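What follows is a set of notes on a single structure, which appears directly below.
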Amino acid sequence: MSDSVLRTIMTLVAGIFIAAVLWMVSLITGPINESQRIEFHDRYKDCKVLEVNHFNGYFTSNTNKLDCNGNIYNVDTGEYNDAMSDE
């Protein structure tokens, strides 16, 4: 086999491997269920939002920075929006 064919095959295999790993991680983490959403809402409903949709890089979710009685929390923007939309 020529080098270019071998590189193409290796790139394809690496891409499939990365896609499989990302798929498995998404299955493990999954969306939050209703009881988690209620718990999340109760925990953060009285917090003051300091930053909204803060970019954390390409491999992590954006976050909202919350001030809860002097304690600062970085929470996933999507989870925060889902939990707070039920108000």
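Both backbone and side-chain heavy atoms feed into the values below; hydrogens, waters and symmetry mates do not. These numbers were taken from a predicted model, which means no experiment stands behind them.
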| Are Y73 and Y44 close enough, and set up right, to give a ring pair (Phe, Tyr, Trp, His ring centres under 6.0 Å), and what steps lead you there? | CA-CA 9 Å; Y73 297 100; Y44 295 118; 5.7 Å; yes

| remark: Of V75, D76, T77, N74, the one forming a side chain to side chain contact (heavy atoms under 4.5 Å, CB included) with S61 is D76

| So, T63 versus N56: side-chain donor-acceptor pair below 3.5 Å or not? | yes

| request: Take atom CG of D42 as the centre, draw a 6.0 Å sphere, and report whether it contains more than 12 heavy atoms from other residues, nucleotides or ligands. | output: yes

| F17, CZ atom: more than 12 neighbouring heavy atoms under 6.0 Å | no

| Are the side chain of D67 and the backbone of I72 linked by a donor-acceptor contact shorter than 3.5 Å? |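 No; zero donor-acceptor contacts below 3.5 Å.
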
Any chance you could measure [X], atom [atom1], to [Y], atom [atom2], to the nearest 0.5 Å?
X: Y80; Y: N53; atom1: OH; atom2: CG; answer: 12.5 Å
X: R7; Y: S2; atom1: CZ; atom2: OG; answer: 9.0 Å
X: K48; Y: D46; atom1: NZ; atom2: CG; answer: 14.0 Å

| field | Path from V5 to V13 over hydrophobic side-chain contacts below 4.5 Å | value |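 Per the 4.5 Å side-chain linkage, V5 and V13 are co-clustered.
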
| field | Student check: side-chain heavy atoms of H54 and N62 closer than 4.5 Å | value | no

| field | Flag side-chain contact, heavy atom, 4.5 Å: N64 against N81 | value |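 Of all side-chain heavy-atom pairs linking N81 with N64, at least one is under 4.5 Å.
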
| query | Between M84 and K45, what is the shortest heavy-atom contact and its length? | reply |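 Heavy atoms of M84 and K45 come nearest at CE-N, 3.9 Å.
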
